[in-house]
Amino acid sequence: MAEPGIVIIGSGFAGIGMAIKLKEAGYHDFVILEKAEDLGGTWRDNTYPGCACDVPSHMYSYSYELNPGWSRMFSPQEEIWEYMRACVDKYGIGPHFRFGKQVVGLEYDDEERRWEVATADGQVLRPNAVISGIGALHIPKFPEIVGRETFAGPAFHSAEWDNSVDLTGKRVAVIGTGASAIQFVPQLAPQVSHLTLFQRTPPWIHPKPDFAIPDRMQRILRLPGAARAMRNSIYWVLETRALGFTIDPRLMKVHERVALKHLESQVPDLELRRRLTPDYTIGCKRLLISSDYYPALTRENVALVTDGIREIRPHSIVDEAGVEHEVDVIVYGTGFKVTDALQDQRIVGRGGLKIQEAWQDGIETYYGITTAGFPNLFFLLGPNTGLGHNSVVFMIESQVRYVMDCLRLLSRTGARAIDVRQERQRSFNRRLQERLDPLVWNAGGCKSWYLDEHGKNRTIWPGFTFEYWARTRKVKPDAYELIY
């Protein structure tokens with residue numbers, strides 16, 4: 001088989017979206033390497049009870065492939081996964097997939113002006129360009145707790161849900177109260193004999209405006225322009241949430257009032273309410289949405305523990321107050337390795353430059369897409385392109401368009417590769433961090449998975465999404481070195 005000209009890594013929304021646009025532009029010599037045996041990324045892996053998107057479905061989808069038939073405003077995992085499959089079928093990119101291909105290393109060949117892409121099964125591909133669409137939320141993170149490995153019962157991360165374990169009538173411990181936990185805790189609570197929830201930090205939660213979309217509304221959305229109007233209205237409603245994020249943390253007060261009123265209306269017990277009230281600026285950690293999480297915590301068979309965990313024993317968890325909680329199963333809702341997801345990879349660029357050396361002072365890219373010293377390597381959903389207020393699929397589309405413009409620049413000039421200039425990258429990141437510093441994510445010494453070990457926000461885009469869209473519409477050739 002001939003060497004592919006382009007290798008895409010990952011088959012989530014980013015990888016599929018990139019493949020669709022490559023094919024539309026007449027590129028057919030590309031492959032999509034996927035470590036699993038099926039496509040879907042996050043929406044393939046996460047099968048925990050209650051798994052659903054926390055962005056309205058009409059916005060959490062491709063702008064060029066609207067789906068008027070979403071069953072709910074916030075669709076469940078299975079429906080999103082099915083949508084992705086439908087897109088693959090419609091745009092004919094199925095033949096480009098190579099499943100069971102885990103990429104273990106990328107190395108740039110300075111003489112050949114090509115990448116060497118090594119997979120776990122010993123294969124080496126030599127494309128001109130590599131596009132990484134692996135995202136950030138795919139490497140489960142487990143807490144460092146004494147005795148964690150000694151637990152005798154089933155124990156698993158929410159992203160690796162063990163569906164073979166029947167939780168009916170069991171004593172279940174849930175560690176973590178993030179975006180996944182607030183979805184599966186309400187599903188588990190009525191099923192188990194007792195649920196002990198270990199909370200380190202309470203999340204800010206807004207009510208979830210979810211509802212089943214009736215057939216009549218779905219029929220209306222199939223009328224010309226209706227689904228587009230629906231999407232546009234959702235986009236601008238979500239975009240207004242960025243005002244407090246991007247302009248002044250004081251503008252988050254209205255969101256705080258909504259969250260506190262939601263907590264007060266659903267948790268009548270004053271002591272429980274006190275323990276569920278965050279003490280940090282709203283928005284500095286991910287703002288969550290749920291209308292059934294708080295009611296689940298008021299059930300008689302649910303206990304909230306806020307004392308921290310001292311150790312895990314074969315059949316119990318001991319908290320910092322010395323109380324021993326007997327449990328049969330442990331579920332970790334402890335999130336993902338985010339800021340170090342890219343840094344752990346074996347990527348070697350020009351002149352033998354390792355990605356860890358390039359990023360020794362912190363992850364640094366140009367618009368989250370390109371990195372100095374690594375020609376023709378493009379990241380989708382790279383550093384500082386995550387969002388706290390709108391759909392990352394919108395960001396993916398902006399990045400895909402930018403990568404396509406880079407490829408067109410190569411075609412126009414006859415260059416073999418492009419490499420972002422170090423000074424432009426540094427200038428971009430200096431302005432980025434200056435903008436992030438006074439904003440809500442750094443407010444009051446807030447600690448979150450958005451920040452790296454140096455306390456720098458390497459995850460979130462500090463502006464509006466339309467601003468990112470505008471800035472990445474066209475590649476500025478003078479920002480890049482062309483390699484012939």
Side-chain angles (χ1 to χ4, degrees), residues 1 4 6-23 28 30-55 57 60-62 65 67 69-72 74-106 117-123 125 127 130-141 156-165 179-180 183-184 335-337 341-342 345 379-381 391-393 396-397 400:
M1 189 184 83
I6 299 170
V7 164
I8 299 170
I9 307 172
S11 67
F13 267 99
I16 292 171
M18 189 74 240
I20 289 171
K21 291 303 174 184
L22 280 173
K23 192 121 182 171
H28 300 288
F30 66 90
V31 295
I32 308 163
L33 303 183
E34 169 53 57
K35 64 182 178 182
E37 296 301 327
D38 204 346
L39 61 87
T42 295
W43 300 105
R44 173 199 62 233
D45 293 342
N46 285 268
T47 61
Y48 60 79
C51 181
C53 192
D54 58 2
V55 174
S57 304
Y60 195 83
S61 47
Y62 298 121
E65 192 55 44
N67 175 23
W70 290 114
S71 67
R72 305 189 65 83
F74 296 83
S75 292
Q77 171 256 340
E78 299 92 335
E79 198 171 350
I80 298 169
W81 196 15
E82 189 52 47
Y83 168 81
M84 297 170 83
R85 292 176 184 282
C87 290
V88 166
D89 291 343
K90 177 174 178 178
Y91 291 92
I93 62 172
H96 296 270
F97 283 100
R98 303 289 182 268
F99 293 112
K101 293 287 185 182
Q102 181 174 4
V103 175
V104 294
L106 303 175
V117 180
T119 58
D121 59 4
Q123 187 178 11
L125 301 175
V130 176
I131 301 159
S132 174
I134 62 172
L137 304 179
H138 67 106
I139 304 175
K141 182 173 69 176
F156 49 86
H157 194 279
S158 62
E160 299 169 331
W161 197 271
D162 190 343
N163 289 290
S164 69
V165 178
S180 300
Q183 291 186 339
F184 67 73
F336 301 87
K337 293 182 179 180
L342 287 172
Q345 295 185 78
F379 296 108
L380 303 178
L381 285 188
S391 171
V392 292
V393 181
I396 288 169
E397 287 192 39
V400 165

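Because the structure is a prediction, the values reported are computed rather than measured. In this chain, residues are counted from 1 in sequence order.
Under the 3.5 Å distance criterion, the side-chain polar atoms of Q77 are left unmatched by any main-chain donor or acceptor of A52. Judged by distance alone, the side chain of S75 and the main-chain N or O of S57 form no donor-acceptor pair under 3.5 Å.
Of all heavy-atom pairs between G69 and E79, the closest is O-OE2, 3.8 Å. Nearest approach of C87 to E65, heavy atoms of both residues: SG-CG, 3.7 Å. The minimum heavy-atom distance between I93 and A19, with the atom names listed, is CD1-CB, 3.7 Å. Taking every heavy atom of both residues into account, A14 and L380 meet most closely at O-CD1, 3.5 Å. Here the closest non-hydrogen pair linking V88 and F97 is CG1-CE1, 3.7 Å.
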I'd like to know whether L33 forms a side chain to side chain contact (heavy atoms under 4.5 Å, CB included) with I8, so could you lay out the CA-CA distance, the side-chain angles of the two residues, the decisive distance to 0.1 Å, and finally the verdict. CA-CA 6 Å; L33 303 183; I8 299 170; over 6 Å; no
Begin from the C-alpha positions of S180 and Y48 and carry the test side chain to side chain contact (heavy atoms under 4.5 Å, CB included) through to its verdict. CA-CA 8 Å; S180 300; Y48 60 79; 3.6 Å; yes
For the pair H157 and F336, evaluate ring pair (Phe, Tyr, Trp, His ring centres under 6.0 Å) and give the outcome as yes or no after the intermediate values. CA-CA 10 Å; H157 194 279; F336 301 87; 5.6 Å; yes
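Using a 4.5 Å heavy-atom cutoff, the side chains of N67 and S61 are not in contact. Between I80 and C53 the shortest side-chain heavy-atom distance falls below 4.5 Å. Using a 4.5 Å cut-off on side-chain heavy atoms (C-beta onward), I131 and I9 make no contact. Taking 4.5 Å as the limit, some side-chain heavy atom of I134 sits within range of a side-chain heavy atom of Q345. In this structure, the side chains of W81 and L39 come closer than 4.5 Å at one or more pairs of heavy atoms. At least one side-chain heavy atom of V117 sits under 4.5 Å from a side-chain heavy atom of V103. For the pair I32/V7, no side-chain contact is recorded, criterion being any heavy-atom separation below 4.5 Å from C-beta on. In this structure, the side chains of P127 and I6 stay at 4.5 Å or more apart for every pair of heavy atoms.
Here the CG atom belonging to L125 is positioned 6.5 Å from the OG1 atom belonging to T119, to the nearest 0.5 angstrom. Between atom CG of residue D38 and atom CE of residue M84 there is a gap of 10.0 Å, rounded to the nearest 0.5 Å. Taking CD of E78 as the reference point, atom OG of S71 lies at 9.5 Å (rounded to 0.5 Å).
Partners of E34 under the side-chain hydrogen bond (donor to acceptor under 3.5 Å, both in side chains) rule, at least two apart in sequence or in another chain, are S11, R44. In this structure, S158 has no side-chain hydrogen bond (donor to acceptor under 3.5 Å, both in side chains) partners at least two apart in sequence or on a different chain. Qualifying ring pair (Phe, Tyr, Trp, His ring centres under 6.0 Å) partners for Y83, counting only residues two or more places apart in sequence or in other chains: W70. Residues passing the side-chain hydrogen bond (donor to acceptor under 3.5 Å, both in side chains) test with H96, sequence neighbours excluded: K23. Remark: Y62 pairs with F13, Y64 by the ring pair (Phe, Tyr, Trp, His ring centres under 6.0 Å) rule, at least two apart or across chains. In this view, K101 and D121, Q123 satisfy the side-chain hydrogen bond (donor to acceptor under 3.5 Å, both in side chains) rule, not counting sequence neighbours.
Taking the six-membered ring where the residue is Trp, F156 and W161 present perpendicular rings, their angle passing 60° and hence far from 30°.
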